[in-house]
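Reminder, nothing fancy here: chain letters follow the sequence lines and each chain counts from 1.
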2 protein chains.
Amino acid sequence: MASMTNRTYGQYCGLSRAVEILGERWGLLIVRDLLIGPKRFTDLQRGLPGIPSNVLTSRLKELEKSGVVRRRVLPRPAGSVVYELTEYGSELEEAVVCFGRWGAKSLGEPRPDEIVTPDSIAMALRSTFRPEACQGVRANYELRLGDVVVHARVHDGSIEAATGRLPDADLVIEAGPGIRALMAGEITAGQAIEQGVARVSGKRQLFDQFAKIFRI
Amino acid sequence: MASMTNRTYGQYCGLSRAVEILGERWGLLIVRDLLIGPKRFTDLQRGLPGIPSNVLTSRLKELEKSGVVRRRVLPRPAGSVVYELTEYGSELEEAVVCFGRWGAKSLGEPRPDEIVTPDSIAMALRSTFRPEACQGVRANYELRLGDVVVHARVHDGSIEAATGRLPDADLVIEAGPGIRALMAGEITAGQAIEQGVARVSGKRQLFDQFAKIFRI
DNA sequence: CTGGATCCCTCACGATACTG
DNA sequence: CAGTATCGTGAGGGATCCAG
């Protein structure tokens with residue numbers, strides 16, 4: 001193994017290549033946040049609690065060199081710098097969703113110092129989405145967890161999930177981390193409301209739908 | 001961020017959990033090899049060129065503690081130790097396949113010191129398999145690349161791919177790394193044979209099928 | 001304020017040798 | 001065969017500083 005210098009695996013294999021590109025620490029989480037939309041350096045930092053700025057800089061440069069991320073200066077008058085996924089980078093969505101779905105199975109309760117970010121929740125909605133559970137369904141949800149607000153537009157087997165409010169939502173759900181128990185099927189929609197895990201406003205029966213559509 | 005000691009990400013998020021468990025160096029490649037089947041310590045070493053034995057030991061212990069891998073002593077007279085995936089670990093197949101498929105897109109030509117392992121090729125067949133391209137098809141392939149021999153049983157939209165020979169194969173393909181060009185659609189099945197990229201024996205028209213079924 | 005650059009320190013990884 | 005022991009290096013963590 002002459003030169004294992006640049007962190008390769010010495011194998012002619014697709015998975016090895018993927019891990020060489022995205023296996024460094026924080027790499028996949030950066031991609032997760034960019035899958036939600038383009039972001040500025042500082043916004044990425046906010047979504048990745050504790051990442052050292054030099055590490056974020058390195059990752060972005062590496063991902064740019066690998067063709068996953070593109071650095072772009074917005075036209076005047078904005079003039080600011082944003083990072084966004086290339087076409088190639090966007091093709092990671094399926095893998096990130098798969099991987100996140102697997103990890104969600106053993107999520108359990110939040111650990112003491114753990115935080116919740118808007119992007120991770122939006123991606124969680126994409127991960128847990130079950131197209132087969134909403135054929136012919138059309139529903140717009142706004143989901144609030146603490147001060148994190150995300151939304152999902154469900155439309156006949158497809159979904160768009162993103163951060164922020166949704167003024168024309170059919171149902172607004174206010175909940176805490178306990179919402180996981182609902183999505184894991186450990187409690188029913190009715191119990192979630194009775195136990196104070198969630199409060200809803202809007203078309204109530206869409207909450208039962210929600211529990212069917214988003215499923216760990 | 002009080003204690004980021006044990007390599008966590010401080011986020012209540014499925015993807016973060018997955019990366020905490022599998023994001024360490026060599027982790028996913030170990031899982032890839034175990035997805036093909038249970039393996040002994042030394043066999044894992046052989047499939048992971050250059051992995052230090054102490055690192056392999058650490059990974060296996062961590063993965064065992066995470067519930068992904070199980071260490072098992074075979075009953076007498078064998079008495080040897082094997083590592084295998086738990087049910088939970090086996091559920092990683094979809095994610096590994098997705099991830100490997102993404103990485104295969106930018107595989108290019110093999111780098112100088114890169115090797116090919118049986119397990120990685122078997123997993124590559126699972127990654128590139130397109131169920132929609134073989135409805136009603138039944139075919140058994142044996143694929144040889146150098147001294148690496150794997151096989152695939154394709155049966156009406158499903159596949160079993162593993163290492164080793166397949167005595168009742170309908171078609172035996174002998175090829176080099178150039179086979180990637182065929183699977184990437186850069187050349188046709190006919191050209192692959194003309195250019196000496198591949199030699200086949202058996203039912204020739206199944207080779208055209210092969211190029212349709214396994215696709216990067 | 002944004003978008004980093006620089007420093008120091010620690011620990012995970014890589015290489016090698018050795019053992020029951 | 002299936003690991004342990006030891007040691008050197010470099011990537012990552014964390015704080016601070018700086019230009020536009």
Q) Under 4.0 Å between a side-chain N/O of A:Arg40 and OP1 or OP2 of C:dG3, yes or no? A) yes
(Q) Please determine whether a side-chain nitrogen or oxygen atom of B:Arg59 lies at a distance below 4.0 Å from atom OP1 or OP2 of C:dC13. (A) yes
Q: Quickly work out the B:Ile51 CD1 to C:dA15 C1' distance and round it to whole Å.
A: 13 Å
(Q) Mind checking if B:Ser53 touches a base, just sugar-phosphate, or nothing, with heavy atoms under 4.0 Å? (A) base
Q: Send over the distance from A:Lys61 NZ to C:dG3 C1', rounded to a whole Å.
A: 10 Å
Q) A:Thr57 near the nucleic acid: base, sugar-phosphate alone, or nothing, with a heavy-atom cut-off under 4.0 Å? A) sugar-phosphate
Q.
Regarding A:Glu24, tell me which of base, sugar-phosphate or nothing describes its non-hydrogen contacts under 4.0 Å with the strands shown.
A. sugar-phosphate
(Q) Any carboxylate oxygen within less than 4.0 angstrom of a Lys/Arg side-chain nitrogen, looking at A:Lys61 and A:Glu64? (A) no
Q.
So, OP1 or OP2 of C:dC13: does either fall under 4.0 Å of a side-chain N or O from B:Trp26?
A. no
**Q.** Residue whose nearest DNA chain C nucleotide is more 5′ - A:Arg46 or B:Val55
**A.** A:Arg46
**Q.** Backbone N/O of A:Gly89 and side chain of B:Trp102: donor-acceptor pair under 3.5 Å
**A.** no
Q. With the threshold set at 4.0 Å, does a side-chain nitrogen-carboxylate oxygen contact exist between A:Glu62 and A:Lys65?
A. no
Q.
Quick check on side chain to side chain donor-acceptor pair (under 3.5 Å): which of B:Arg46, B:Arg40, B:Lys39, B:Gln45 does B:Asp43 satisfy it with?
A. B:Arg46
Q) Between D:dA2, C:dG3, D:dG13, which nucleotide has the shortest distance from any of its atoms to the side chain of B:Thr42? A) D:dA2
Q. Quick one: A:Glu62 CD to D:dG10 C1', roughly how many Å, whole number?
A. 13 Å
Q) How close or far is atom P of D:dA2 from atom CZ of B:Arg72, stated in whole angstroms? A) 14 Å
Q: Take atom CG of B:Leu56 and atom C1' of D:dC1, then tell me their distance rounded to the nearest Å.
A: 13 Å
**Q.** Below 4.0 Å: OP1/OP2 of D:dG12 and any side-chain N or O of B:Arg7
**A.** no
Q | DNA chain C: 5'-proximal contact among A:Asn54 and A:Leu60 (nearest heavy atom) | A | A:Leu60
Q: Starting at atom CG of A:Leu48, determine the distance to atom P of D:dG12, rounded to an integer number of angstrom.
A: 14 Å
Q.
Using OP1 and OP2 only, check whether a side-chain N or O of A:Arg71 sits under 4.0 Å from C:dG4.
A. yes
**Q.** Between P of D:dA2 and NZ of B:Lys39, the distance in whole Å
**A.** 13 Å
Q: Check for a donor-acceptor pair, side chain of A:Asn140 on one end and backbone N or O of A:Arg153 on the other, with a separation under 3.5 Å.
A: no
Q | Length of the CG-P vector between B:Leu74 and D:dC1, whole Å | A | 15 Å
Q: Establish, with yes or no, whether the OP1 or OP2 oxygen of C:dT2 is under 4.0 angstrom from a side-chain nitrogen or oxygen of A:Tyr83.
A: no
